[in-house]
There are 2 protein chains.
Amino acid sequence: MGLIKSEKFTKEQNTIALFAKAFGHPARVAIIQHLFEINSCVCGDLVNQIGLAQPTISQHLKELKTLGLIKGSVEGTSVCYCIDPENWKSMKTVLFAFLNEDTINHGDCC
Amino acid sequence: MGLIKSEKFTKEQNTIALFAKAFGHPARVAIIQHLFEINSCVCGDLVNQIGLAQPTISQHLKELKTLGLIKGSVEGTSVCYCIDPENWKSMKTVLFAFLNEDTINHGDCC
DNA sequence: TTCATTAATCGTAACATTGCAATAAACAAA
DNA sequence: TTTGTTTATTGCAATGTTACGATTAATGAA
């Protein structure tokens, strides 16, 4: 049916999935990487950096913004985007806890 | 258009996105968590554990299997699934490198 | 062989995602 | 005000994802 049955899962599982989904598209990965690479805000050159149309980039930025991973501030005619350090940190805590579950239980089976 | 323009991005960015997408659904998160929790293989009770229909679970298992994160072995009438430790490890290396990019550059801006 | 059990596959409906052209909105400069 | 620049929004087409009923395949038990 195309819609996820979120009520079948725990809040934690849904949160993990939401964060993971944010990185489930290479354009959003590229945006985040570019933000870390230039080590400051990105003001306008994202469309040139990534080869997608302006409305498409805008849409990906909106998704990352809605999740709180990035924040934008208006600077004249352009908008400057950067990572939201606190939300990034808490996202990492959630994902790391999940990805590190193999270190708690390390069953060699099969 | 619904299709990702992978050719616009690096191999690394596409790999990160593929792994992240695997965890972009709570059912697949739940499957992985259950595999770690019981600390061994899961033989058949996944449909009861998670509240989705058998074909749906089978589909999610297939995705995780295609990515190499889990592996299944036939045991009589049932199939036993468990994490593939080596592929899990290399997936973690890729995702951790991405998620830890904030520790390399820690620009306070905006 | 026949029956029961379990998992995979097929087919399909409903909804989501991706991408972009066109347009609108917001602002600075002339 | 008008013009140019930049980003957001709208609308839509193409494709992908999710979910499950029905069926098939494979195996063990009777």
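Letters A, B, ... are given to chains in the order of the sequence lines, protein chains preceding strands, and every chain is numbered from 1.
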Asker: Of A:K65 and A:G2, whose nearest nucleotide on DNA chain D comes first from the 5' end?
Answerer: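 Final value for this comparison: A:K65.
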
Asker: Parallel, tilted or perpendicular, judged at 30° and 60°: which one describes the rings of A:H25 and A:H60?
Answerer: tilted

Asker: Check whether any side-chain N or O of B:K21 sits under 4.0 Å from OP1 or OP2 of D:dT17, and answer yes or no.
Answerer: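 So the side-chain polar atoms of B:K21 do come within 4.0 Å of the phosphate oxygens OP1 or OP2 of D:dT17, strictly under.
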
Asker: Centroid-to-centroid, A:F96 to B:F96, below 6.0 Å?
Answerer: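 Yes; B:F96 has its ring centre under 6.0 Å from that of A:F96.
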
Asker: Using the side-chain heavy atoms of B:K62, tell me which of these nucleotides is nearest: D:dA8, C:dG19, C:dT9.
Answerer: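 Per side-chain heavy atoms of B:K62, the pick is C:dT9.
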
Asker: Using a 4.0 Å heavy-atom cut-off across all strands, classify B:L52 as base, sugar-phosphate, or nothing.
Answerer: sugar-phosphate

Asker: How would you label the contact of B:E63 with the nucleic acid (heavy atoms, under 4.0 Å): base, sugar-phosphate, or nothing?
Answerer: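 If one applies the 4.0 Å heavy-atom cut-off, B:E63 turns out to touch the sugar-phosphate alone, with no base involved.
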
Asker: Please give, in whole Å, the distance from D:dT7 P to A:H60 NE2?
Answerer: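 Atom NE2 in A:H60 sits about 16 Å away from atom P in D:dT7.
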
Asker: I need a per-nucleotide contact map over nucleotides 24-30 of chain C, read 5' to 3'. Cutoff is protein heavy atoms under 4.0 Å; write B for the base, S for backbone only, - otherwise.
Answerer: ---B---

Asker: Grab the CG-C1' distance between B:L3 and C:dT17 for me, whole Å please.
Answerer: 11 Å

Asker: Hey, what else clusters with B:L18 if you join Ile, Leu, Val, Met, Phe, Trp, Tyr whenever side-chain heavy atoms sit under 4.5 Å?
Answerer: none

Asker: Under the 3.5 angstrom rule, does the side chain of B:K71 hit a backbone N or O of B:D84 as a donor-acceptor pair?
Answerer: no

Asker: Which nucleotide, D:dT7, C:dG19, D:dC20, lies nearest any side-chain atom of B:I4?
Answerer: C:dG19

Asker: Could you tell me how far apart A:E7 (CD) and D:dA19 (C1') are, to the nearest whole angstrom?
Answerer: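 Those two atoms, CD and C1', are 12 Å apart.
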
Asker: Is there a donor N/O on one and an acceptor N/O on the other, under 3.5 Å, for the side chain of B:Q54 and the base of C:dA8?
Answerer: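 Yes, a donor-acceptor pair under 3.5 Å.
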
